[in-house]
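Input: a single structure, listed below in structure tokens.
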Amino acid sequence: MAVRDFSQLTIARWLEGLARGAWRASELVEYYLKQIEKINPGLNAYLEVFDDALTAAEAIDRRLASGEPLRALEGVPIAVKDNILIKGRRASAGSKMLENYTAAYDATVIAKLRAAGAVFLGRTNMDEFAMGASTENSAFGPTKNPHDPERVAGGSSGGSAAALAAGLALAALGSDTGGSVRQPAAFCGVLGLKPTYGAVSRFGLIALAPSFDQIGPLARTADDVERIFEVIKGRDENDSTSLSEKVRPLISKVSRSNLEKFKKFKLGVPRRFLDQGLNRAGAENFSVATASLAAAGYEIMDIDLPTAPYALAAYYVIMPAEASSNLARYDGIRYGSYFPGQDLFDDYRTTRGNGFGLEVRRRVILGTYALSAGYYDAYYAKAFAVKQAIASEFAAAFNQVDAILTPTTPAPAFKLGERLADPVQMYLEDLFTVPANLAGLPAISIPSGRAASGLPFGLQIMAPPGGEGRLFQIAKHYANL
Ligand code: GLN
């Protein structure tokens, strides 16, 4: 029998074929395993492929053969970022510190996906502890961009985005603290959603900065992203910051047939903020995107977010502050790999010096400094005030417009090694993505044309808290323009 080509598959088409008996779950997993074997060595998207993926798919085939009804993600093979716990599996967060850590329980998102019939293909590469925008900070080597192997896949969820773009999974999970789902999605030409803060449980996600962290889906169509989001969202007793759907009235099941109704969405463009960070190609690409939305009937208007230019600075105070206290537990004695020294103090020093890479150590030092007595008011308290100001500016803007558009990144994927020597250049990547994390807003990156070099551009859409449904509507419509 000829090997089927599943490269253009969507979840809807997969489920429909499964229901008809056109194919089996094990067939799709076998297909991806073969593709991974062929393509992954050149990309380093997966750190590990799970040896039980096929067994899990075979169990699904038996289940369906016995007449069980189809679940929401029956047999959908998913790639999982290396900082999301799967019981009995390694979860290293891209770090030597957790190289040998095996998860003792399933993250809530994993338990939900499992119950919906999803199959986990493997764990994907990432910047160490999700700190970075290129996956070059991984202790296990960088991930390459499938569109150009000399370029980065973005980060920190670079492995998940590259796996999808290279056709090595049907969907993937990432985590987004300051852009780590959206930015790699943009660089690799796929979609990535950062949900409303609290919409998805963080239980079982290795923390970077808990007041910003959200797990989010990556996929190749808006419908696929929505299907995963519908399964993983919801209040979780194990995460006190997860929200009940009752307090998020905007979230609604999107009807797939009435896109026309939404043509009249008002879309805001924070023009002055964009002017500060965009290069010419990026600006041109963005104006083509807004023009095509305008032609489709959307009203586009300029808005002002005067504090948005300070979002990046505030983020790079709050995030390291939270990270430094989270990472304190990895001392080789209570948690993490142990590198012995001469005495107790030296134990700490060698363990944290060897177990953590350069960027993690940099942020621990920055964060500890920002939180220390005498500097707390000067840095952390100020950054926190900026965060509040940004949240209220967005709230005011959403009285005028239904959603806000920006490019996802200032420019397409950069070359491997290009920004490693200058951390500030790397941080500037996050200019347009961090405001949504500071304000707790849902934001999606969708593919939006290509540069002359052939590299993908991403368009970011942000909505008020609970407005994921709006993002899916616009994203579906945009893909059909
Ligand atoms: N690039 C950002 C950072 O380095 C985003 C990280 C993230 O979202 N996990 O902090």
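The figures that follow rest on heavy atoms only: side chains count, while hydrogens, waters and symmetry mates do not. All residue numbers in this chain count up from 1 along the given sequence. Start at 1 and go down the list; that is how both ligands and their atoms are numbered.
If you number the atoms of ligand 1 from 1 as listed, the ones under 4.0 Å from a heavy atom of Ser156 come out as 9 (N). Those atoms of ligand 1 that come under 4.0 Å of a heavy atom in Met131, given as number and element, are 4 (O). Of all the atoms in ligand 1, the ones that sit under 4.0 Å from a non-hydrogen atom of Gly178 are 5 (C), 7 (C), 8 (O). The atoms of ligand 1 that sit less than 4.0 Å from any heavy atom of Leu208 are 9 (N).
If you look at Gln214 next to ligand 1, there are no close heavy atoms at all, none under 4.0 Å.
Distances between N or O atoms of Ala130 and those of ligand 1 include at least one value under 3.5 Å. Of the N or O atoms in Ser180, one or more lie within a sub-3.5 Å distance of an N or O in ligand 1. Where the criterion is an N or O separation shorter than 3.5 Å, residue side chain and backbone included, Asp176 fails it with respect to ligand 1. Taking distance alone, with nitrogen or oxygen atoms compared against 3.5 Å, Gly155 stays at or beyond that limit from ligand 1.
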Inset, instruction - Show your working on side chain to side chain contact (heavy atoms under 4.5 Å, CB included) between Thr10 and Asp223 and close with a plain yes or no. - result: CA-CA 8 Å; Thr10 63; Asp223 184 60; 6.0 Å; no

Legend entry - Stepwise salt bridge (charged side-chain N to carboxylate O under 4.0 Å, His left out) test for Lys96 and Glu99: CA-CA 5 Å; Lys96 272 204 280 181; Glu99 194 170 4; over 6 Å; no

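Shortest non-hydrogen contact noted between Tyr379 and Ala370 is CB-CB, 4.2 Å.
Atom OH of Tyr338 has more than 12 neighbouring heavy atoms from other residues, nucleotides or ligands inside a 6.0 Å radius.
Taking each of Asp430, Asp127, Asp213 in turn, the one with a heavy atom nearest to atom 1 (N) of ligand 1 proves to be Asp430. Among Tyr315, Tyr316, Phe129, the residue whose heavy atom lies nearest to atom 5 (C) of ligand 1 is Tyr315.
Between the side chains of Ser448 and Tyr478, a donor-acceptor pair is found at a separation under 3.5 Å. Side chain to side chain, Glu393 and Thr307 meet the donor-acceptor criterion of an N or O pair below 3.5 Å. A donor-acceptor contact closer than 3.5 angstrom links the side chains of Glu128 and Ser95.
The pair Lys233-Glu468 does not count as a salt bridge, with every side-chain nitrogen at least 4.0 angstrom from each carboxylate oxygen.
Contact annotation: Lys194 has no heavy atom less than 4.0 Å from any atom of ligand 1.
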